[in-house]
Amino acid sequence: MAEELIVRPIAELAPLLEKKLISPVELFNEALLRIHRLQRDLNSFITITPEEGRRAALRAEKEILDRHYRGPLHGIPISIKDLFATRGIRTTAGSKVLGSWIPDHDATAVARLYEAGTVLVGKAHMHEFAYGVTSENPHYGPARNPWDQARVPGGSSGGSAAAVASSQCSASLGSDTGGSIRIPSAACGTVGLKPTYGRVSRYGAVPLAWSLDHVGPITKSVEDAAIVLGAIAGPDPGDPSASSLPVSDYRRSLLVGASGLRLGIPKSYFFEHVDAEVRQAVERAIRQLETLGGVPVEVEIPALENCAAMDAHITLVEATSYHDPYLKKQADDYGPGVRTDLEAGRFLLATDYVKSQRARTLLQRNFHKAFQHADVIVSPTLPALPPPVGEMWVQSGDLRENVIDAFVRFNIPYDLTGLPAISVPCGFSAMGLPIGLQIAAKAFDEATVLRVAYAYEQSTPWHLSRPTWPQ
Amino acid sequence: MSSLDRRGLIKAGGLGLLALLANSETIAQDSPMTTTLRAMSVITGVQVSDQWLVPSAGLVSAIMDDSKPLRSLELGSIEPATRFQSD
């Protein structure tokens with residue numbers, strides 16, 4: 001049986017679409033068929049959009065036939081995490097609180113993906129209000145990991161990563177407040193890019209914590225991440241935090257390679273309490289980057305031990321502030337986990353919130369110093385493998401800890417500092433679970449993050465592995 | 001039981017709460033916090049029901065425990081982060 005087109009990355013599909021060798025309708029049909037086959041087992045979607053998708057695919061087909069090719073995303077099937085407003089399509093943020101909200105507008109990143117010619121297949125499953133790392137959802141059931149359906153796909157953008165990994169779409173739009181793009185990407189074997197704070201507009205995304213929320217792509221390959229980021233990045237009057245700095249040609253930057261780049265290795269914090277298989281995979285990845293010309297240097301980043309407390313104060317307080325009107329009117333519509341967080345957020349002190357925001361400045365300075373000695377900082381994305389659904393503990397090497405603390409540990413430093421970071425597959429555990437390598441760089445230097453990730457990816461086989469099911 | 005372990009139990013909802021309530025030491029530890037949170041309704045303007053007061057108090061306790069190093073962090077004249085720069 002011939003391999004489906006939908007399993008291929010965007011960078012391979014785009015030339016075929018441009019040359020009219022394949023049709024957007026053909027791709028959309030393959031994606032929809034996969035969704036119908038896998039939804040019951042993986043539960044990657046909250047809403048599937050067959051009618052909207054078919055119309056968009058037909059429109060893309062006509063435009064391409066009429067020689068109005070828009071670029072590498074034209075005719076590509078995508079999913080959108082269900083916290084991004086989509087005009088005319090139900091947007092739940094993974095909760096019952098918003099009811100059957102049908103927005104009258106598109107989030108800016110969604111509008112830009114539409115302008116690029118993408119075809120929406122559905123709204124991806126997620127942890128309720130993006131407030132969690134497992135995508136176990138009391139309202140819509142748990143999303144599941146395509147590599148082992150008994151396990152969580154990570155979160156909060158768990159449906160997005162699972163859908164991309166299982167080729168139910170070619171790419172997905174996610175959000176990342178404490179790791180919610182990179183955590184599920186590591187758990188599902190996809191590429192997840194959290195850009196610099198302000199690189200992609202947050203307008204139209206249901207917020208978790210305004211000062212920590214980031215928007216970015218989840219894809220099958222690094223080149224695909226570069227393509228999607230190029231489409232969604234840029235200034236936006238709808239989001240005052242969106243930067244007016246010029247958007248790089250990320251795809252072109254991939255070709256430069258990693259030779260001569262200094263690979264910062266933060267031995268303390270980022271390599272403490274790590275599962276042995278994860279550690280071995282990441283150390284192998286660093287050695288591989290060395291063979292590509294990268295130069296490892298040890299870096300020290302002080303004050304990282306405060307990240308968990310800073311993140312707790314900022315996220316709880318900002319989230320409770322946003323949810324306060326809903327809590328007053330319909331508190332019982334929240335699931336117990338999120339409800340507990342939001343109720344607790346009322347009782348934290350303003351002085352601790354402000355101190356956490358001040359400590360972010362210190363953390364930014366400390367990373368800035370580290371980046372004087374390194375071009376990128378490399379680490380595991382997660383310290384542990386994704387646990388079974390319903391399991392709240394993981395074993396991070398010598399430390400048994402709850403999954404929330406484990407999964408955000410290596411991710412939140414980059415949300416707190418706003419620095420760009422990517423998770424790229426770097427191997428599998430003995431049980432066949434994916435492992436993620438995290439690469440971070442200076443603010444607005446997504447080009448270097450992508451360049452190193454691409455060099456690594458292209459020299460290893462991990463991105464070619466795909467989860468399988470009985471035909 | 002560490003603060004992180006307690007946070008995991010609290011956030012896990014029903015089963016976690018049962019485990020929490022079975023631990024008398026934790027209850028004793030959280031009682032002053034529960035009382036404090038109840039009294040704070042004067043400030044917050046919101047009465048949190050008993051059902052949510054216990055887990056909320058447990059979570060606040062855990063965060064307070066985690067926050068001790070942050071509170072003692074010397075920041076001098078450092079101001080809050082308000083923007084992110086390319087350099």
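More than 12 heavy-atom neighbours from other residues, nucleotides or ligands sit within 6.0 angstrom of CD on Gln372(A). Residue Tyr269(A) places its OH atom among more than 12 non-hydrogen atoms of other residues, nucleotides or ligands, all under 6.0 Å distant.
Your options are Met310(A), Glu343(A), Glu305(A), Lys355(A), and the one with the most heavy-atom pairs under 4.5 Å with chain B is Lys355(A). With respect to chain B, the highest number of heavy-atom pairs below 4.5 Å among Lys328(A), Gln357(A), Arg365(A) belongs to Gln357(A). Contact count versus chain A (heavy atoms, under 4.5 Å) is highest, among Leu53(B), Ile43(B), Val48(B), for Val48(B).
Proximity to chain A (any heavy atom under 4.5 Å) is shown, for Ser67(B), by both the backbone and the side chain. Heavy-atom distances place the side chain of Leu349(A), and not its backbone, under 4.5 Å from chain B. Using a 4.5 Å cut-off between heavy atoms, Leu316(A) touches chain B through its side chain atoms alone.
The shortest non-hydrogen separation linking Val46(B) to Arg346(A) is CG2-NH1, 3.5 Å. Heavy-atom minimum distance, Ser56(B) versus Thr340(A): OG-O, 4.0 Å.
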Kindly list each side-chain donor-acceptor pair under 3.5 angstrom involving residues 68-75 of chain B, sequence neighbours excluded, with atom names and distances?
from	atom 1	to	atom 2	distance (Å)
Arg71(B)	NE	Asp352(A)	OD1	2.9
Arg71(B)	NE	Asp352(A)	OD2	3.2
Arg71(B)	NH2	Asp352(A)	OD2	2.5
Ser72(B)	OG	Lys68(B)	O	3.3
Ser72(B)	OG	Pro69(B)	O	3.0
Glu74(B)	OE2	Gly76(B)	N	3.4

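Taken from CD1 in Ile78(B) to OG1 in Thr361(A), the straight-line distance is 6.5 Å, to the nearest 0.5 Å. One distance of note links CZ of Phe347(A) with CD1 of Ile63(B); it measures 12.0 Å at 0.5 Å rounding.
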